[in-house]
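All values below were derived from every heavy atom in this structure, side-chain atoms included, with hydrogens, water molecules and symmetry-related copies excluded.
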Amino acid sequence: MTAAAAIEAVWRIEQPKLAARLTRTLRDVGLAEEVVQDAFVLALERWPRDGIPHNPAAWLTRVATNRALDRLRRTVLIDGKHRQLYVDLAELERAMPDIEAALDEDIDDDLLRLIFTSCHPVLPAEQRAALALRMLGGLSTPEIARAFLVPEATVAQRIVRAKRALRDAGIAFETPRGQERRERLGAVLEVIYLIFNEGYVASSGPDWLRADLSGEALRLGRLLATLMPEQPEVIGLLSLMELSASRFGARTDGAGNPILLPDQDRSRWDWSLIRRGLDGLKRAMTLTPTPGPYQLQAMIAACHARAMSAADTDWIAIAAYYQALALAAPSPIVEVNRAVAAGMAFGPAQGLAIADALRDEPRLKDTHLLPTVRGDLLAKLGRMEEARAEFRRAADLTGNERERALLMARAAGGDV
């Protein structure tokens, strides 16, 4: 493995863990992220020259902690009036061996605490999710912007303001209890869901999927379900992720190229995950008479999981669930997916009518999702030139290299 590949792999795995540990000690989300990024910049400089350390995570932890110590010392020298800085400095120096020892410990609790800290009600909802995705998912500003269908500058401002607000308010690094935990739950679920989705289809880069991100979201979802076993939407989200993750082994070929759902070898699906997801969904449905958005999406995933072949899929049920989801949690993305389901259940003309109604939706203008769906529906209607134009447009908009290649192939092929 090259030094560049090693750094990227370590960044994906260790960045959220290290940020969580340092946030616990520093009690400053922004400072924690900055020193972690400093450590990785130094790794980019030194590892290609000196070789990859025997324990890369320990190396990064030591460098990040030393950087934090240096920053606190400089601040103390500049402004001696802030007595709390002396306390922070002393605590960090005492905690440094413990931070390194924590490398081999179960850190899921720290990650969950970081989500709850980032989702504190002192922050507006959009700032909570953006900050948590940056800290936990390691997502870039453009990736987060695509997830929320907003400009990159807007996301950057949200992250900066969120860090400042948490620091100024002196928010504790903790997993809240009781009513306070329930109040933050919606934002926490959204963050875990978005981290999973970024892993399911990466918004940018050379890989179709990022199993590391989806796996992290699954672990956090399971931990949250242990903490809140009677919350139907917690169980619903976990079921949705397990049912969706069951298809990972069939979603790419040996070269990493995408395999779309109708073409997947279902014998490669993970049936143990499917059983867990279906069992969880059954339990979630006993907890409430009115399914929430995550339960509804899990019901859709369950329809796919139960179908032994693509032809066996109950698209009428899926279309009904998307209609319910559009009422429970309306969004342009839900409408795009509803167009797909309606096209499969009732014919491509009906699906295209739903998609065409979204053509002036400003939140979809910079995403490839709508032109991809329109291209597929137009092709099924035999309107090939229009379909190819939509696939070319979608290819220009996607940031994922594998997806771009797939769309360009569909635009160029005689049978799209």
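For the pair Glu242 and Arg222, the salt-bridge criterion is met [side-chain N within less than 4.0 Å of a carboxylate O]. Under the 4.0 Å criterion applied to side-chain N and carboxylate O atoms, Glu401 and Arg404 are not assigned as salt-bridge partners. Ion pairing between Arg283 and Asp279 fails under the 4.0 Å rule for side-chain N and carboxylate O.
For the residue pair Ala245 and Leu218, the shortest heavy atom distance occurs at CB-CD1, 3.8 Å. Contact detail for Arg266 and Leu261: the closest heavy-atom pair is NH2-O, 3.8 Å.
Heavy atoms from other residues, nucleotides or ligands lying under 6.0 Å from CG of Asp360 number 12 at most. Other residues, nucleotides and ligands contribute over 12 non-hydrogen atoms within 6.0 Å of the CE atom of Met228.
The aromatic rings of Trp271 and Trp269 sit tilted, their planes meeting at an angle between 30° and 60°. Classification of the Trp59-Trp47 ring pair by plane angle, with boundaries at 30° and 60°, yields perpendicular.
A donor-acceptor pair shorter than 3.5 Å cannot be found between the side chains of Glu152 and Thr141. Defined by atom type and a distance below 3.5 Å, a donor-acceptor pair is missing between the side-chain atoms of Thr372 and Glu390.
For Trp208, there are no side chain to side chain donor-acceptor pair (under 3.5 Å) partners, not counting sequence neighbours. Considering only residues two or more places apart in sequence or on other chains, Asp265 meets the side chain to side chain contact (heavy atoms under 4.5 Å, CB included) condition with Ser267, Arg268. Here Gln231 pairs with nothing under the side chain to side chain donor-acceptor pair (under 3.5 Å) rule; sequence neighbours left out. In this structure Arg363 satisfies the salt bridge (Lys or Arg N to Asp or Glu O under 4.0 Å) test together with Glu361, sequence neighbours excluded. Scanning for side chain to side chain donor-acceptor pair (under 3.5 Å) contacts around Glu386 gives Arg383, with sequence neighbours left out. Legend: residues meeting side chain to side chain contact (heavy atoms under 4.5 Å, CB included) with Ala162, ordered by chain and number and at least two apart, are Leu123, Gln127, Leu131. Applying the salt bridge (Lys or Arg N to Asp or Glu O under 4.0 Å) rule to Glu45 yields no partners; only residues at least two apart in sequence or on another chain are considered. Evaluation of the salt bridge (Lys or Arg N to Asp or Glu O under 4.0 Å) rule for Arg247 yields no partner, not counting sequence neighbours. Scored by the side chain to side chain contact (heavy atoms under 4.5 Å, CB included) test, Asp253 finds Ala255, Asn257, Ile259 as partners (sequence neighbours excluded). For Glu230, the side chain to side chain contact (heavy atoms under 4.5 Å, CB included) partners two or more places apart in sequence, or in a different chain, are Leu287.
Note on residues 317-341: pairs passing salt bridge (Lys or Arg N to Asp or Glu O under 4.0 Å), not counting sequence neighbours, are Glu335-Arg338. Pairs of residues two or more places apart, or lying in two chains, that qualify as ring pair (Phe, Tyr, Trp, His ring centres under 6.0 Å) and include a residue from residues 295-352 are His304-Trp315.
For the atom pair Leu243 CG and Cys303 SG, the distance stands at 10.5 Å (nearest 0.5 Å). The line from NE2 of His120 to CD of Glu183 is 9.5 Å long, rounded to the nearest 0.5 Å.
Counting heavy atoms from C-beta outward, Leu189 and Tyr294 have side chains that approach closer than 4.5 Å.
Checked by atom type and distance alone, the side chain of Ser118 never pairs as donor or acceptor with a backbone atom of Arg128 at under 3.5 Å.
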